[in-house]
Amino acid sequence: MMAMTRILCVLLACCLAGAAHAADPRKVIRDVFPVAETGFDPAAVHDLYSAGIVRGIFETLYTYDYLARPAKIVPGVADGMPQVTGDGKVYTIKLAKGIHFQPDAAFGGKKRELTAEDVVYSYKRLADPKLRSPYSFLVEGKFIGLDEETAAAKKSGKFDYDKKIAGLEAVDRYTLRFRLKDTDYNLPYVMAHESLAVVAREVVQKYGESDGRVMSNPVGTGPYKLAQWVRSSKIVLEANPDYRGFVWSFAPSQPGDDKLVAQMKGKKMPQVGRVEISIMEEDQARWLAFQGGELDLMNMEGPLAPNAIRPDGKLKPELAAKGIRLDRYVEPEIRYIYWNMLDPKVGGLAKEKVALRRALAMSYDVNEEIRVVLNGQAVEAAYPIPPGVVGHEPNWKSTIKYDPAGANALLDKFGYKRGADGWRTWPDGTPMRIVYASRPDTQHRQLEELVKKSYDAIGVRMEPQKDKFPELLKLEKQCKLLSREAAWIADYPDGDNFMQLFYGPNSYQSNNACVTIPEYDELYKKSTRLPPGPERDKLYQEMTRILEAYAPHRMTVSRYRNQLVQPRVEGYRKHPILTSTWQYIDVATGSN
């Protein structure tokens, strides 16, 4: 009898070891977005906030170590790191077994195991011209046969998902083989990006892409599932009971990590059973909600920063006394004002158009943006690759500087004359107006005022265009905005992710200025065939000088991330690349 009892105990322990981990539904994290989301289809979203939801619901082949700095790639749904052969052109990847999509009507109300075919299908979706994924550039020119299939789909009007493609092969149920056109040193980073999260074909077919229903019916294998969505107001995630979970076992790599490791090491994750995200566009509303304990996490952007942060970058003592913590670092991002290079008035490479854009760039005082709009919570971005990203050049001196006198002289020389009223005209004598688009919130109203002040100083009328963030993104990807201050936060921590922003073929995707400069494009293509190092860095510097010469944009800032964390939250550390980290944190027992 005793022997039988021991056997039953062993069997029960084995069953429990293989069972999905049940997070505690009483543990709730309350987060906030400053802008509205766009939806939750990995291949279709293009904003940071929707990407955070995607990261919580779906999984990628690879992801990042939570604490490692610099950022370190680790397996996601892959079973180990890839085997790379053929001079870096062949990647063989094994999938972990027993990973399931959450139960859904698309599977007859049941769950279904993730397979290699799901990965192949998900990667093909980015190349489907009908979807017009903003991240199609991540797969273009990479996989043997994929570009050709995209071209065929443009002619026929339909992408053939059943056709075998040599570069994307499901060898068997759990084995993938990717064959590349050329050596790609950034492929592991690409495979960790949210847009390449694994989706199920049945789900896309059931809900459909044409009317956007797949955007509102996310079905993934990740730690959370969508429980509630009130557009532009509230998003609720609940722990996925079928998620396999993981044991928190990360090693410290920077000051303060030791305490975090002591709190979390050995816990089965996720611990948090419910994530409630509020959309609050007004700065003061977010700050009042955090002060009132209604939010657990909040980024103190420029206008709000003085409420919590001293001039030396430290947390104010009265907040520290309450147990509130500050996680602060320079974002791996760039912000820049761009001018649409397809616009007949401001675009193109003709000398008078270049002179106009350079004058507009020279009229803008980046230091005033940092001082007045962002309250010192940013550093000037002189180089298109930000701090913390491979390829950054910390000592770069841009040839575009704040110089309103020089800007006025340029405009005078190239025929943009002042009228009797002091305002300039186009060379054909018609009144000059430059439309600048922005969001209707406090910070962007201040930015708009600064742009207007800059243009006023050189006699150029600025015409404002106001719209919600999702609508601005939509117009931007159609190359229909004339000008805007845009931001790009690293998809992966390598300079290529930023230099591709100005590559001609990426127009209508990540190239917001819709710029095509042949000299730049040729150097960019050369850079993609080089590993990180001095040779590639030299190309990046040449490319930067070309951008400065033609001035499709004005580099502005890289912001500080000032993340406030309530004392009840344990294990929190803002990751430089991961767009959400709810599955890595906990809430202290007994807290409200």
(request) Indicate, with yes or no, if the rings of F414 and Y416 have centres closer together than 6.0 Å. (result) no
(message) Does either side chain, that of T60 or that of E194, offer a donor lying less than 3.5 Å from an acceptor on the other one?
(response) no
(message) Is a donor from one side chain sitting under 3.5 angstrom from an acceptor on the other, for D494 and Y185?
(response) no
(message) Treating N375 as the side-chain partner and Q377 as the backbone partner, does any N or O pair qualify as donor plus acceptor under 3.5 Å?
(response) no
(request) Using only heavy-atom distances, determine whether the side chains of Q465 and S438 contain a donor-acceptor pair under 3.5 Å. (result) no
(request) Would you mind telling me which of T528, D491, N506 makes a side-chain hydrogen bond (donor to acceptor under 3.5 Å, both in side chains) with Q500? (result) N506
(request) State yes or no: are the ring centers of Y560 and Y329 separated by less than 6.0 Å? (result) no
(message) Under a 3.5 Å cutoff, is there a donor and acceptor pairing between the side chains of E476 and Y338?
(response) yes
(request) Would you tell me whether T150 and D147 have side-chain atoms, one donor and one acceptor, within less than 3.5 Å of each other? (result) no
(request) Indicate whether any N or O donor in one side chain lies under 3.5 Å from an N or O acceptor in the other, for W488 and N512. (result) no
(message) Pairing donors with acceptors under 3.5 angstrom, does anything connect the side chains of R484 and N340?
(response) no
(message) Using a 6.0 Å cut-off, check whether atom NZ of K480 has over 12 heavy atoms from anything other than its own residue.
(response) no
(request) Answer yes if the side chains of E519 and Y550 hold a donor-acceptor pair under 3.5 Å, and no otherwise. (result) yes
(request) Establish, yes or no, whether a centroid distance under 6.0 Å links the rings of F33 and Y49. (result) yes
(message) Would you say the ring centers of H193 and Y492 fall short of 6.0 Å from each other?
(response) no
(request) Heavy atoms only: give me the nearest P386-S558 pair and the separation to one decimal. (result) CB-OG, 3.9 Å
(request) Assess the side chains of N299 and R286: does a donor N or O sit below 3.5 Å from an acceptor N or O? (result) no
